[in-house]
Amino acid sequence: MNFDYDVIVIGGGHAGCEAAAAAANMGAKTCLITMDMNKIGQMSCNPAIGGIAKGQIVREIDALGGYTGIVTDRTAIQFRMLNRSKGPAMWSPRAQCDRGKFIWTWREILENTPNLHIWQDQVKELLVKDGIVTGVKTYFDIEFKARCVILTAGTFLNGLMHIGHTQIAGGRVAEPASYHLTESIARHGIEYGRMKTGTPVRIDARSVHFEDMEIQEGEHDYHKFSFMSQNRQLKQLPCWTCFTNPEVHKVLESGLPDSPLYNGQIQSIGPRYCPSIETKLVTFPEREQHQLFLEPEGENTQEYYLNGFSSSLPLNIQISALKKIPAFRDLVIYRPGYAIEYDYFDPTQLKHSLESKIISGLFMAGQVNGTTGYEEAAGQGIVAGINAALKCVGSEPFVMHRDESYIGVLIDDLVTKGVDEPYRMFTSRAEYRILLRQDDADARLTERSYALGLAKKDRYEHWIKKKEEIERIVKFCENFSLKPALINPALETIGTTPLKYGCKLFDLINRPQITLKGISEYIAPLKAITTSIVDRNEEIIEAAEIAIKYHGYISRERIIADKMQRLENIKIKGRFDYKNMSSRSIEARQKLEKINPETLAQAGRIPGVSPSDINVLLVLLGR
């Protein structure tokens, strides 16, 4: 074997899988190094993909030519579109997956990707010469040469698990931690810290009284994650819900003195938006109940995941508390919940390409950058993989702006603002979320990815055909005139106000009571167009309807985004001596010096840098 590669990816989690696939598909000779080939793409916590804003990220990965959406659709056992009661900017797909099949589907894809090798081993040292990465050294004492290295080690760097007073070294249950690698990186001047996350108990479904729970069915319509997927392949299963109660809380509170979170055993910070059950009790003492979701781990397994009950309390406390819930009175578990601490690196030390500012050729993606969640990791992974491949051939980096994708928002937040707790994406973090909907990810990103060489011809042609069909529907609606006498009987049937004067169909569809599909039953030419669309008919009709109904909002937000883009185009890196800007506050000078922003817009997003600071920079640029 020849251990000489263009790109080496450390870690086979969600970031690592997307990074390795992207680099290889762009022509880079790539090697994915993972400690266990049977755990590639492991869902360490919840066996689900998507959710609020996370679903949009997966759609963006798919539009770029990544695989998380495809793997999810192939292994989904329940699908739901969240936030359907709100506008389409908030719609977020989510799917429960078969954990085991998810792993093997990812492995099948990676093992059959040209230019990609997999090596089972652990990396213990990053090899660097004169500030440039040259490769890695593994526990087997093998030196791999590489032009670029992508670190996606997840929670494994000096990982330490906690169950009450019990501490176990590991990256996740039954898997060893990764030692020495953090230190080999830090000695080059890269700063790191510690974070914490957790996972709940896993329950044997045979011990559950489902009659004491509420069923939560999935949806069975046309929505999917991948723009390329067809029908779902696995049996669709329900989830179940129940609530904690005061008796449960009393037992949990009795265990707080032995909680690693509250007895000083854990010093690092956990995720704010995915708190442990003990954190919920302390933070919301007035609450008498908290909702729990019991979710299947697979199509044929009895193992269930108890969402909402993440905990590091002692085993006996976890079991005793759960038995106070009627549905779990005869509880049997596979393993308790636990917390885990791990190393991460300050992401402000990265460029927007996710390449280190300190070590050339070193890229980082996923939880090592302080994020939490499979989707955030996978989104970073595909960007790191793309940019590592581009660096190998001397091309300009691929960077997405905040008005282009949630992934762009995520990365800009990380490298500009940094993190003081595990970062999770929400729709509220995106100021242009009307432009960043789940339905139009391919419109935003597929052509850019095709130009890079990542999205392949079939995906590009699929998008172009869809684009043409959407434009055909919208154009017809813009030009088709309606007369009151002919359309009013239909409008009365639908339950909306009749027309007094004629109007264009485009304007009529803006009414909330009217849908494109519904009104087409009364307009034969429109019905002919919609029924002539053979492939992805309902998806295309939905996309056209959103484009029509929200045309004004989309146009207005596009204007605002374009104005801000002017500041993105003003390059300032290397043009100022921030330390000696005496007219600015000490905080602003320190933050600007540390981040050393690429553009004026990025400088404006740094915490501690005020609008007046930006105005001063504009004046100085004018001089």
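- Of the residues listed (Glu297, Gln78, Arg80, Gln236), the one engaging Gln96 in a side-chain contact (heavy atoms from CB on, under 4.5 Å) is Gln78, and it is the only one.
- When all heavy atoms of Tyr550 and Gly87 are compared, the closest pair comes out as OH-CA, 4.2 Å.
- Using modelled atom types, one side-chain atom of Gln349 and one backbone atom of Asp346 make a donor-acceptor pair closer than 3.5 Å.
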Checking side chain to side chain contact (heavy atoms under 4.5 Å, CB included) for the pair Thr446/Leu64: CA distance, chi angles, key distance, verdict?
-> CA-CA 5 Å; Thr446 294; Leu64 289 168; over 6 Å; no
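- Side chain of Thr279 to backbone of Pro275: no donor-acceptor contact under 3.5 angstrom is found.
- Cation-pi geometry between Arg202 and Tyr304 is not satisfied (NZ or CZ under 6.0 Å from the ring centre, within 45° of the ring normal).
- At most 12 non-hydrogen atoms from other residues, nucleotides or ligands lie less than 6.0 angstrom from CD of Glu288.
- Between the side chains of Thr244 and His249, at least one donor N or O lies within less than 3.5 Å of an accepting N or O.
- For CZ of Arg437, the number of neighbouring non-hydrogen atoms (other residues, nucleotides, ligands) closer than 6.0 Å is greater than 12.
- In this structure, a donor-acceptor pair under 3.5 Å is present between the side chains of Asp343 and Thr182.
- Counting heavy atoms of neighbouring residues, nucleotides and ligands inside a 6.0 Å radius, atom NZ of Lys280 exceeds 12 of them.
- Cation-pi geometry between Arg429 and Tyr423 is satisfied (NZ or CZ under 6.0 Å from the ring centre, within 45° of the ring normal).
- Between Thr72 and Phe102, the closest heavy-atom pair is OG1-CE1, 3.8 Å.
- Note that CE of Met35 is 9.5 Å distant from CG of Asp121, once rounded to the nearest 0.5 Å.
- Thr155 and Gln367 are not linked by any side-chain donor-acceptor pair at a separation below 3.5 angstrom, with hydrogens and angles left out of the test.
- Both the sub-6.0 Å distance and the 45° axial angle are not jointly satisfied by Arg536 relative to the ring of Tyr222.
- In terms of modelled atom types and a separation under 3.5 Å, the side chain of Arg84 and the main chain of Met81 share no donor-acceptor contact.
- Put simply, the side chain of Val208 reaches to within 4.5 Å of the side chain of Phe328, judged on heavy atoms.
- With a 4.5 Å cut-off on side-chain heavy atoms, Arg172 and Gln42 count as touching.
- With contacts defined as side-chain heavy-atom distances shorter than 4.5 Å, the pair His165/Asp258 qualifies.
- Using modelled atom types, one side-chain atom of Thr152 and one backbone atom of Ile10 make a donor-acceptor pair closer than 3.5 Å.
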So Thr241 and Gln216, side chain to side chain donor-acceptor pair (under 3.5 Å) or not? Walk me through it.
-> CA-CA 7 Å; Thr241 66; Gln216 187 183 62; over 6 Å; no
Run the side chain to side chain contact (heavy atoms under 4.5 Å, CB included) check on Ile203 and Tyr305 step by step: do they pass?
-> CA-CA 6 Å; Ile203 292 176; Tyr305 175 99; over 6 Å; no
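- In this structure, His290 and Phe284 have tilted ring planes: the angle between them lies in the 30° to 60° band.
- Put simply, the side chain of Tyr192 does not reach to within 4.5 Å of the side chain of Val368, judged on heavy atoms.
- At least one donor-acceptor pair closer than 3.5 Å links the side chain of Lys591 to the backbone N or O of Pro607.
- With no hydrogens or angles considered, no side-chain donor-acceptor pair links Ser92 and Gln438 at under 3.5 Å.
- Counting non-hydrogen atoms of other residues, nucleotides and ligands closer than 6.0 Å to NZ of Lys39 gives a total above 12.
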Using the salt bridge (charged side-chain N to carboxylate O under 4.0 Å, His left out) rule, take Glu303 and Arg206 through it: C-alpha gap first, then chi angles, then the decisive distance, then the call.
-> CA-CA 9 Å; Glu303 186 178 0; Arg206 294 170 295 180; over 6 Å; no
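- By the 4.5 Å heavy-atom criterion applied to side chains, Ile40 and Thr34 are counted as neighbours.
- Ser310 places no side-chain N or O within donor-acceptor distance of the main-chain N or O of Ser276, the cut-off being under 3.5 Å.
- Nearest heavy-atom pair, Lys517 versus Ile541, reported as atom, atom and distance to 0.1 Å: N-CG2, 4.3 Å.
- Under the 30°/60° scheme for interplanar angles, the aromatic rings of His223 and Trp91 are found to stand perpendicular.
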Please step through side chain to side chain contact (heavy atoms under 4.5 Å, CB included) for the pair Leu181 and Phe156, ending with a clear verdict.
-> CA-CA 10 Å; Leu181 184 53; Phe156 282 81; over 6 Å; no
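- For Phe210, the CZ atom sits in a packed shell: over 12 heavy atoms of surrounding residues, nucleotides or ligands are nearer than 6.0 Å.
- Note: Phe79 and Phe225 meet the aromatic proximity criterion, with ring centroids under 6.0 Å apart.
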Dump the intermediate steps for salt bridge (charged side-chain N to carboxylate O under 4.0 Å, His left out) on Glu421 and Arg272, then the final yes or no.
-> CA-CA 7 Å; Glu421 61 185 41; Arg272 177 188 300 269; 2.9 Å; yes
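- The backbone N or O of Gly366 sits less than 3.5 Å from a side-chain atom of Gln380, completing a donor-acceptor pair.
- Side chain to side chain, Asp73 and Ser226 fail the donor-acceptor criterion of an N or O pair below 3.5 Å.
- A donor and an acceptor atom, one from each side chain of Asp412 and Thr416, are located under 3.5 Å apart.
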Would Ser311 and Tyr338 count as a side chain to side chain contact (heavy atoms under 4.5 Å, CB included) if you check the C-alpha gap in whole Å, the side-chain angles of each, and the deciding distance to 0.1 Å?
-> CA-CA 6 Å; Ser311 180; Tyr338 62 88; over 6 Å; no
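- Between Met195 and Val419 the shortest side-chain heavy-atom distance falls below 4.5 Å.
- Scanning both residues, Asp204 and Ser207, for their nearest heavy atoms gives O-OG, 2.8 Å.
- Put simply, the side chain of Gln56 gets close to the backbone of Ala53: a donor and an acceptor are under 3.5 Å apart.
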Passes salt bridge (charged side-chain N to carboxylate O under 4.0 Å, His left out), Lys224 versus Glu538? Steps please.
-> CA-CA 12 Å; Lys224 300 175 185 66; Glu538 291 182 290; over 6 Å; no
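- Counting heavy-atom neighbours within 6.0 Å of Glu214 CD, excluding the residue itself, gives a total of 12 or less.
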For Arg605 and Asp413, run salt bridge (charged side-chain N to carboxylate O under 4.0 Å, His left out): C-alpha distance rounded to whole Å, both residues' side-chain angles, the deciding distance at 0.1 Å, then the answer.
-> CA-CA 8 Å; Arg605 293 190 291 269; Asp413 279 353; over 6 Å; no
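- Nearest heavy atom pair, residue Cys239 against residue Glu295, reads SG-CG, 3.8 Å.
- In this structure, a donor-acceptor pair under 3.5 Å is present between the side chains of Glu278 and Ser312.
- Arg194 and Asn158 form no side-chain donor-acceptor contact under 3.5 Å, judged by distance and modelled atom types alone.
- For Asn387 (side chain) and Ser353 (main-chain N/O), a donor-acceptor pair under 3.5 Å exists by modelled atom type.
- For the pair Arg59 and Phe227, the tightest heavy-atom approach, listed with the atom from each and the gap, is NH2-CE2, 3.3 Å.
- A heavy-atom distance below 4.5 Å is found between the side chains of Asn307 and Asn46.
- Side chain of Asp98 to backbone of Glu299: a donor-acceptor contact under 3.5 angstrom is found.
- Asn369 has its side chain within reach of Leu350: a pair of non-hydrogen atoms, C-beta onward, lies under 4.5 Å apart.
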